[in-house]
Every structure is written in C-alpha cells, then in structure tokens.
> 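Before we start, here is the structure in question, set down as structure tokens.
Values reported hereafter were calculated over all heavy atoms of this structure, with side chains retained and with hydrogens, waters and symmetry mates removed.
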Amino acid sequence: MDWGLMGPEKVISQRRTRTLGLSSIVRKFNDLAVPGLGGVKYAKTVFLACLGIDVAETVRQTGKQVTNIQVTNAIEALACHLAYYTNDWRADNRLRGRTKLNSPVDLTYKTFSSNNFYVTQPMRMSTVQALPGLGFVESKGDRFNSFSLSQQGRDFIDAASMGYKCHKLNITAFLARWVKNEKQLPSSETSSHNNLLYVLSPIVRLEQHALNVFTQALLSGEPQNVSRRKSILEWAKSNDLHNYVDWTRPPFIEETHFDDLKSGALFFSLRNKSLDLLNMIEAEIAPLNPPKLDLTTPLSESICKAVNKLKVAANDFLSLEHDPSIGKEANHFAKQCMQSDDVSILKSLLERDEVVLRCRGTHVLPAAAFGKPETVNNEKVEDSSLFPHDISFRVWNMYALNQDFENKLDQWLEPKGDNDV
C-alpha cells in the first residue's frame with residue numbers, strides 16, 4: 001500500500017472492505033445513534049483537522065497550491081511526532097505512527113507530507129462527517145479537500161491557540177510559513193517549541209474555552225440531531241451506567257431513539273456473527289491443498305455451530321420488529337441468515353463477500369484477500385459494565401469526549417495502548 005500521507009479519504013484494503021454490502025445499513029444505525037459525530041473520539045483530533053484546513057487556506061492565498069488533506073496530514077504527523085518525542089515514545093491511544101515517526105530525515109514539511117512517512121489511516125479521516133455535522137466547516141461536497149472553515153471553526157482555532165506564539169507568529173501563520181519552507185521548527189526547550197507542542201500535541205488537553213466551543217457545537221444544529229447528541233451525552237455523564245447495561249431504557253433517552261440504539265446493536269451483533277462464520281470457513285480451508293470447501297459434503301461441527309449462532313442473532317434482530325434502514329434492508333439480510341437450509345445461508349453470505357471467499361458452483365474458494373484468517377469472535381469489547389453489549393461505537397466515543405470535558409481523559413486512557421496503523 002503506497003498512499004501514506006497522500007492517501008484517499010477511505011483507504012482501499014481488500015480485507016478492510018469486507019463489508020458484505022452492509023455499509024449503508026451500518027452507517028444508518030450509527031447516524032441514528034449519535035448523529036453528525038462520525039468517528040470522532042477526541043476533541044483535539046477535530047481541532048487538528050480544523051487547523052490543517054486553516055493553514056491550507058492560508059497557504060493557498062499566497063499562490064502556493066496545496067490540498068487540505070496534504071497539509072492536515074502533515075500537521076497531524078508533526079503533532080504526533082512532537083508528542084512522542086516528549087513522552088519518550090510511549091504508546092498512547094490518541095497518537096498514531098509510533099514506528100514510522102521515530103526517525104525523520106529532517107523536520108521539514110516536505111518530509112512530513114511525503115508518501116509513506118505517516119500512517120495510512122490518519123486521525124483526520126474520523127472527522128470527515130463531524131466537521132460539517134458540527135458546523136466547523138462549510139462544504140460543497142463531502143470530501144475533506146472541499147472543506148473551508150466556518151466562523152465557528154475559526155472561533156474553535158482561536159480559542160485553542162490564542163496567545164501562543166511560535167517565532168513571534170500565531171500558530172496558523174507559523175505553520176503556513178513552515179509549509180512554504182520559509183520557517184523551520186523551533187529548537188527544543190525554547191518557548192516557541194513549548195507553545196507549538198502545547199497547541200498541537202494530541203495528548204495535551206485543549207484550552208477550556210476551546211472545549212466550551214466544541215461542546216456548544218455538539219449541542220447546536222438541527223433539532224433532532226441535537227436532541228439525540230444531548231441525550232447520549234447525558235447517558236455518558238450518568239453515575240448510574242450499570243443500571244442500563246441490560247437494555248433498560250435510561251430516562252433521558254426517548255423511546256424511538258432507544259429502539260434505534262437497540263436495533264442497531266442487534267444488527268451489529270448479526271453482522272459480527274456473519275463475519276465469524278466466514279472467518280471460520282476461511283480458517284478451516286486455509287491449511288488444505290487446494291484450499292476449498294465442498295458444499296455437497298456435510299459441514300463441520302464448528303461451521304454448523306457458527307451457523308446456529310448466526311440464526312439466533314438474526315432471530316433476535318427480527319423479533320424486535322424495528323428496522324429503520326432504508327427499504328428494510330436490515331430485515332432482508334436477517335431473513336437471508338435464517339433460511340432453513342444452512343448451505344443456502346452460506347451461499348448468500350459468500351455472494352456478499354467475494355473479497356476473501358467466493359462461491360463457484362458447489363465449492364467455496366479463496367478470493368483476492370484470502371490467506372490470513374482473522375481470529376473468530378475478534379470484535380473489540382469495551383467495558384461491559386458501562387454500556388450494553390454491541391451498542392454503537394459512537395456512544396463509546398461520546399463517553400470518551402465527556403471524559404475529556406470533565407478532565408478525566410488521561411486517567412481513563414491510562415491502561416490503553418496505541419493505534420500504530
């Protein structure tokens with residue numbers, strides 16, 4: 001893979017795009033859970049994205065052609081490099097690229113924006129929906145390169161960086177000069193370096209005023225979206241989270257929203273069970289020569305058990321009788337997973353795959369991404385004492401945001417690792 005910093009907004013990877021044609025349904029359930037938040041988990045990530053857009057706009061005004069993605073990724077890489085340098089390269093969930101950023105040739109924009117210097121999935125990618133969704137940018141489309149800062153976005157940057165200078169310039173102006181190769185990064189142990197580190201580092205908390213601006217954006221906008229974000233934030237703030245882990249409806253979540261959350265969780269479980277089944281088949285045929293499964297022969301006990309678990313998950317979803325997906329596509333998928341004939345279920349899933357496994361006639365065969373079976377039941381499980389199992393990851397992200405708002409994020413993240421992708 002050769003995109004690095006110049007990569008597209010969605011990284012093309014055969015294994016990662018094994019969606020089974022369910023992406024639009026998954027996105028719908030996540031949008032219903034917490035509208036407009038996208039994949040944002042930390043407020044500082046949104047600030048760095050806004051800052052990158054601001055710097056790119058500033059540079060373009062001088063006649064130099066750069067894109068939002070190029071500049072924002074380079075600034076994010078710089079932010080992570082500075083943070084790692086000052087924390088002795090310890091893993092941290094808020095940072096990326098611990099391996100790649102360790103030994104830069106130099107500290108120029110040319111180096112930090114070059115192909116393969118940084119990770120293939122920068123944190124910027126998680127902000128593409130949140131930036132317009134929370135009103136930080138204006139856009140003629142949904143591409144990051146089409147974004148321009150709104151007044152609220154500029155207020156956010158000002159609140160986070162006001163009063164901090166680097167080489168006697170404000171942070172945006174300095175970084176614009178750095179991009180144009182007119183300014184070098186300040187030496188360590190100088191006030192300019194400390195100011196730049198404070199403003200950029202993903203592991204340094206935003207100024208309280210900036211967090212207030214972010215919270216205001218979170219609770220502003222289209223009324224229904226605001227109502228749902230506010231309700232999830234109230235849930236994240238609750239001191240009685242354990243009372244709701246069994247899908248007891250919290251009083252601050254209205255009934256339709258709660259039904260959407262529960263239906264989404266049951267669908268996510270169904271999707272996971274379908275991937276578990278495909279992973280099981282892949283693991284079984286991988287050692288064979290040639291690797292294939294003959295569907296006219298009896299299925300193994302492990303595959304039959306995985307099929308039964310899939311049927312239970314499908315029945316659980318259908319029993320709720322709440323499918324908000326467009327055209328009831330979620331119900332359609334669940335019914336495919338409840339066919340009486342196990343082989344028909346397998347063929348339906350294989351038709352949706354074609355990435356790792358494919359069905360030709362009565363045989364299951366390898367597809368393009370075959371070869372490294374994933375661990376069965378490998379979905380990430382968060383602390384089950386806080387939220388119901390399989391609830392949208394955006395609810396967990398709102399919980400992380402609230403930890404930041406309450407200045408408890410460092411303590412909450414202490415045992416976590418890093419995402420060196």
Side-chain angles (χ1 to χ4, degrees), residues 4-7 42 44-92 94-119 122-124 127 149 156-207 210 418 420:
L5 278 170
M6 304 293 288
Y42 308 117
K44 197 68 174 275
T45 303
V46 179
F47 164 71
L48 289 173
C50 288
L51 181 63
I53 294 170
D54 192 29
V55 172
E57 288 179 339
T58 301
V59 171
R60 286 195 294 270
Q61 288 171 3
T62 68
K64 181 178 175 65
Q65 292 305 306
V66 293
T67 69
N68 290 348
I69 288 178
Q70 289 172 329
V71 173
T72 304
N73 286 352
I75 289 174
E76 180 183 314
L78 173 62
C80 289
H81 173 78
L82 291 173
Y84 277 130
Y85 186 79
T86 55
N87 85 338
D88 295 325
W89 297 92
R90 291 191 301 271
D92 191 290
R94 293 163 289 185
L95 303 177
R96 298 286 187 276
R98 186 157 58 111
T99 301
K100 287 195 170 187
L101 296 175
N102 204 351
S103 302
V105 175
D106 54 43
L107 301 179
T108 64
Y109 170 77
K110 182 179 179 180
T111 292
F112 277 75
S113 63
S114 61
N115 289 348
N116 296 320
F117 177 73
Y118 189 40
V119 297
M123 296 180 285
R124 168 195 61 77
T127 70
L149 277 190
F156 187 36
I157 291 175
D158 288 345
S161 60
M162 184 70 73
Y164 293 94
K165 301 288 187 179
C166 186
H167 291 325
K168 300 182 180 180
L169 299 169
N170 68 47
I171 299 300
T172 294
F174 167 76
L175 288 171
R177 300 280 294 275
W178 176 67
V179 169
K180 295 169 64 180
N181 200 31
E182 295 175 356
K183 286 288 185 179
Q184 295 181 347
L185 294 181
S187 302
S188 59
E189 308 303 327
T190 63
S191 60
S192 287
H193 176 272
N194 293 340
N195 286 346
L196 189 65
L197 172 68
Y198 184 88
V199 173
L200 295 187
S201 174
I203 60 177
V204 174
R205 188 170 184 255
L206 283 170
E207 290 279 320
D418 98 315
D420 197 7

> Taking atom NE2 of His167 and atom CD of Gln184, what is their separation to the nearest 0.5 Å?
7.5 Å

> Identify the heavy atoms of Pro104 and Leu107 that sit nearest to each other, and give their distance.
CG-CD2, 3.9 Å

> To the nearest 0.5 Å, what is the distance between OH (Tyr84) and CD1 (Ile203)?
9.0 Å

> Is there a donor-acceptor pair closer than 3.5 Å between any side-chain N or O of Asn195 and the backbone N or O of Cys166?
no

> Okay, side chain of Ser201, backbone of Ala83: is any donor-acceptor separation there less than 3.5 Å?
no

> Once you round to the nearest 0.5 Å, how far does CZ of Arg124 lie from CD1 of Ile75?
12.0 Å

> Considering only heavy atoms from C-beta outward, does the side chain of Leu196 approach that of Pro186 to under 4.5 Å?
yes

> Distance from His81 atom NE2 to Thr111 atom OG1, nearest 0.5 Å?
10.5 Å

> Can you find a pair of side-chain heavy atoms, one from Val105 and one from Phe117, that are under 4.5 Å apart?
no

> Keeping the roles fixed (side chain from Glu76, backbone from Pro122), state whether a donor-acceptor pair exists under 3.5 Å.
no

> Tyr118 and Phe112: aromatic ring centres closer than 6.0 Å?
no

> Measure across Ala176 and Thr58 and return the closest heavy-atom pair with its distance rounded to 0.1 Å.
CB-CG2, 3.8 Å

> Mind checking side chain to side chain donor-acceptor pair (under 3.5 Å) for Asn68 and listing every partner two or more places apart, or none if nothing turns up?
Arg60

> Below 30° counts as parallel, above 60° as perpendicular, anything between as tilted: where do the rings of Tyr109 and Trp178 land?
perpendicular

> For the CG atom of Leu169 and the CD atom of Glu182, what is their distance to the nearest 0.5 Å?
10.5 Å

> Looking at Thr86 and Leu197, what are the two nearest heavy atoms and their distance?
CG2-CD2, 3.6 Å

> Hey, does Val59 have a side-chain heavy atom less than 4.5 Å from the side chain of Lys180?
yes

> Measure the CG-CG distance between Leu185 and Leu175 for me, rounded to the nearest 0.5 Å.
8.5 Å

> Between Ser161 and Thr172, is there a side-chain heavy-atom distance shorter than 4.5 Å?
no

> Restricting to non-hydrogen atoms, name the atom on Gln70 and the atom on Ser113 that form the minimum distance, rounded to 0.1 Å.
O-CB, 4.4 Å

> Are any non-hydrogen side-chain atoms of Tyr85 and Leu101 less than 4.5 angstrom apart?
no

> Looking only at heavy atoms, what is the nearest atom pair of Thr127 and Ala49, with distance?
OG1-CB, 3.6 Å

> With a 4.5 Å cut-off on side-chain heavy atoms, are Phe174 and Val55 touching?
no

> Once the angle between the rings of Tyr198 and Tyr164 is folded into 0 to 90°, is it parallel (under 30°), tilted (30 to 60°) or perpendicular (over 60°)?
parallel

> Quick one: closest heavy-atom pair of Pro202 and Ala79, and the distance?
CD-O, 3.6 Å

> Can you find a pair of side-chain heavy atoms, one from Leu200 and one from Leu51, that are under 4.5 Å apart?
yes

> So does Val204 get a backbone contact from the side chain of Lys44, meaning a donor-acceptor N/O pair under 3.5 Å?
yes

> Tell me whether the count of non-hydrogen atoms from other residues, nucleotides or ligands lying under 6.0 Å of CG in Asn181 goes above 12.
no

